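Have a look at the structure below before the remarks.
In this text, all values refer to a predicted model and were calculated from it rather than measured experimentally. In what follows, chains carry the letters A, B, and so on, assigned in the order in which the sequence lines appear, proteins first and then strands, with residues in each chain numbered from 1.
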Amino acid sequence: MIDTVFTVLSNSPIAQNTFEMVLSGDTEGIRPGQFVNLKLPGYYLRRPISVCDHGPGSLTLVYKVVGHGTELMASLEKGAALDALTGLGNGYDTSLPGEKPLLIGGGAGVPPLYALAKKLLAEGKRPAAILGFNTKSEVFYEDKFRALGLETFVATADGSYGIRGFVTDAMDVEYTYFYTCGPEPMLKAVYEKSRTSGQFSFEERMGCGFGACMGCTCKTKTGYKRVCKDGPVLTKEEIVW
Amino acid sequence: MVNTSVTLSGLTLSNPVIPASGTFGYGYEFAEIYDINCLGSFSFKGTTREPRFGNEPPRIAEAPSGMLNAVGLQNPGIDKVISEELPKLRKVFHKPVVANISGFSIDEYVECCGRIDKEEGVGLVEVNISCPNVHNGGMSFGTSPESAAQVTRAVKAVTRKPVYMKLSPNVTDIAAIARACEDAGADGISLINTLMGMRIDLKRRAPVIRNVTGGLSGPAVFPVALRMVWQVYEAVNIPIIGMGGITTAEDVMEMMLAGAAAVEVGAANLVDPFASKKIVEALPAVMEKYHIENLTDIIGGAHHG
Ligand SMILES: Cc1cc2nc3c(=O)[nH]c(=O)nc-3n(C[C@H](O)[C@H](O)[C@H](O)COP(=O)(O)OP(=O)(O)OC[C@H]3O[C@@H](n4cnc5c(N)ncnc54)[C@H](O)[C@@H]3O)c2cc1C
Ligand SMILES: Cc1cc2nc3c(=O)[nH]c(=O)nc-3n(C[C@H](O)[C@H](O)[C@H](O)COP(=O)(O)O)c2cc1C
Ligand code: FES
């Protein structure tokens, strides 16, 4: 964990209620699947947001405006300072996935899969992606996944774009392993439909985000785990619904 | 050179800053980012006889200038705390710690305190009486002078370590409860625990916290905590550990002027993992600013006449 201050380089809408924020600052040790915890002026608790992309000195976050904190984030302009704890969470384990891992993201769960896709490619894997949204106006990052060279499927619940239905309706492809992040009902549906082992990224309301308060504990087959520290990524085999 | 040291029942602390139970785990997360030996002491997570999962999530909600929690005393149980956590903790923290003990029956308090009595690294025992008594319709031990005194007496009989009774603020007369603990033999009083509160999610039209209610803490409760420490100071002659919303060295001084001999810092550690360290480091300059040479000189200093 590092406590650091980022500077906003850009912050712009990329889909309905969805923003992409590029920050500059210390990104030492950040891994795909981890999150940062943002201190927003006027709010007591920090806001956990996944690492969407990162490079030396630069960090990209993609977030959906759902409440007061994310609304405030959307109003931040170039040059604004943002206090963050970084390097939080276990991140995705990329040592297991075989040749063709499938990345399955839903809505605000899509962002962490982007950094993961880059890492898997760098490690010589051939990932594919399924991105699920409610409706066409909410779709984002389809082009970016394609630009990486991933075969990319988009599903919308109302059928206004791509495949009509849920991410699970696009899962009849070949894959050796999977990684998924999204709302809990989606994760559960993926769990039931999936034919291989895989990793799930969970969300929980957090007090600290670094393992001190037991505010985010969940039950797993391998014991109680803190979503913020022992997660947010859990393996299919250890999940208890 | 100012002197920041304070004494609690014969135990000398290099400074009055003690991270509060439940907000510092067993210290490891913080020891990874700074040398926690700069702290006066720290109070580890509330420990019960049996291991506990605690409440179902969500357990956390935000509040203006604060937070609510309904962790529900998740802890590995006294056996594991003694056999695993304390030995590990001793590697990162070399001063006596505060053992925070919880219970749902008198027997449970007695058993846990009796076990902790034999632990060398424990400097004092802080007995959390905000828990519901399973033998009394779930009424919290801390809400009546009689049951608070009952726990105090029972615990005092099984340990030679100083016993500090940690009071719940969810009562009508905090002074009466503190007095009852003192009369029953308590060595000190610790207060305040969290204030019961709740939040409702407009989208779901349901409580944010699964447990419905949670404990409010953070800067929002500071004036309430200060008032209660003030009242307890007027009511008893034993040392007080004051807490509730402390975030700065100035808050520490206010709390001590109200009557606290030492302080605990809770929620502040969660939103800024360096909070306790920053307070310790800021203390000398703030003391100088207000012309204080010995921190102990200001305890209760705002009570005149
Ligand atoms: C590990 C992790 C990674 C996340 N990554 C992303 C991401 O990349 N992009 C994105 O858009 N969202 C992400 N989220 C969800 C994001 O944290 C919430 O949408 C955000 O905290 C809402 O804040 P708010 O002030 O706008 O909402 P409010 O409802 O006003 O917030 C009130 C409180 O509830 C908490 N809260 C509300 N919703 C959530 C939630 N879903 N999960 C956890 N806490 C919540 C807030 O942090 C705050 O403490 C992630 C959550 C977690 C736990
Ligand atoms: C997440 C959390 C967990 C807590 N767990 C305990 C506990 O196990 N035992 C206890 O006596 N107090 C517990 N408390 C109460 C604190 O020790 C402290 O009394 C209270 O939070 C007021 O201080 P603060 O405003 O500085 O947080 C907890 C508080 C928080 C925020
Ligand atoms: S949020 Fe505090 S332990 Fe996970």
Side-chain angles (χ1 to χ4, degrees), chain A residues 1-5 17 28-29 36-48 64-72 83-89 183-184 202-220 223-232 240-241, chain B residues 19-34 45-46 51-76 199 201-203 208-210 214 216-220 245 247 266-275 278:
Chain A
M1 172 169 62
I2 295 175
D3 184 7
T4 186
V5 178
N17 294 331
E28 183 72 33
V36 297
N37 216 358
L38 305 172
K39 178 78 192 144
L40 303 173
Y43 294 94
Y44 194 66
L45 294 177
R46 289 172 182 265
R47 275 19 183 203
K64 197 163 176 187
V65 174
V66 297
H68 296 296
T70 42
E71 207 169 281
L72 187 147
D83 178 337
L85 296 172
T86 70
L88 303 177
E184 205 163 303
F202 282 87
E203 284 186 3
E204 192 47 81
R205 295 200 176 229
M206 296 182 174
C208 65
F210 56 89
C213 74
M214 306 291 144
C216 63
T217 313
C218 67
K219 288 175 183 151
T220 75
Y224 303 154
K225 292 204 166 181
R226 294 160 297 181
V227 170
C228 72
K229 177 117 181 176
D230 311 310
V240 177
W241 295 103
Chain B
S21 178
T23 65
F24 215 69
Y26 297 95
Y28 323 132
E29 284 75 25
F30 297 86
E32 277 173 23
I33 57 169
Y34 71 86
K45 178 67 198 169
R52 282 175 60 84
F53 171 69
N55 292 319
E56 291 298 323
R59 298 173 170 183
I60 302 286
E62 193 174 47
S65 296
M67 62 179 287
L68 294 162
N69 91 82
V71 169
L73 291 170
Q74 181 185 344
N75 80 93
R199 293 302 303 269
D201 182 339
L202 293 180
K203 279 177 220 149
V208 172
I209 291 179
R210 176 82 76 92
L216 177 65
S217 64
T247 312
N269 296 303
L270 306 181
V271 292
D272 176 0
F274 293 98
K278 286 178 185 166

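Interface residue A267(B): backbone and side-chain heavy atoms are both found under 4.5 Å from chain A. Interface remark: F24(B) contributes backbone atoms only to the contact with chain A (heavy atom separation under 4.5 Å). Proximity to chain A is limited to the side chain of F30(B), based on heavy atoms less than 4.5 angstrom apart. Heavy atoms closer than 4.5 Å to chain A are found nowhere in P64(B), neither backbone nor side chain. For a residue to count as touching a neighbouring chain, one of its non-hydrogen atoms must lie under 4.5 Å from one of that chain's; by this rule L85(A) touches chain B with the side chain only. Heavy-atom distances place the backbone of N269(B), and not its side chain, under 4.5 Å from chain A. Looking at E32(B), only its side chain comes within 4.5 Å of chain A, counting heavy atoms on both sides. Using a 4.5 Å cut-off between heavy atoms, A61(B) contacts chain A through its backbone alone, with no side-chain atom that close.
With chain A as partner, the option from A70(B), G218(B), P57(B), G25(B) having the largest number of non-hydrogen pairs under 4.5 angstrom is P57(B). Ranked by heavy-atom pairs under 4.5 Å with chain A, the first of G72(B), P58(B), G54(B), G66(B) is G66(B). Of the listed residues (A220(B), P219(B), A63(B)), the greatest number of heavy-atom pairs within a distance under 4.5 Å of chain A belongs to P219(B).
A 4.5 Å side-chain heavy-atom check between D83(A) and D272(B) finds every atom pair outside the cut-off. Annotation: side chain of R59(B) is not in contact with side chain of C216(A) (no heavy-atom distance under 4.5 Å). In this structure, E29(B) and M1(A) have side chains that are not in contact, with every pair of non-hydrogen atoms separated by 4.5 Å or more.
A donor-acceptor pair under 3.5 Å links the side-chain atoms of R46(A) to the main chain of V271(B), judged by distance alone.
Among all heavy-atom pairs drawn from F210(A) and P273(B), the shortest one is CZ-CB, 3.7 Å. Nearest heavy-atom pair across C213(A) and V71(B) is O-CG2, 3.5 Å. Residues E62(B) and L45(A) share a closest heavy-atom pair of OE2-N, 2.8 Å.
For the salt bridge (charged side-chain N to carboxylate O under 4.0 Å, His left out) test, residues two or more places apart in sequence or in another chain that qualify with E56(B) are K219(A). Applying the ring-ring contact (aromatic ring centres under 6.0 Å, His included) rule to Y26(B) yields the partners F44(B); only residues at least two apart in sequence or on another chain are considered. Under the rule for a side-chain hydrogen bond (donor to acceptor under 3.5 Å, both in side chains), R205(A) has no partner lying at least two apart in sequence or in another chain.
Contact residues of residues 223-230 of chain A toward chain B are Y224(A), R226(A), K229(A) (heavy-atom distance under 4.5 Å).
Separation of atoms CD (E204(A)) and CD1 (I60(B)) is listed at 9.0 Å; rounding is to 0.5 Å.
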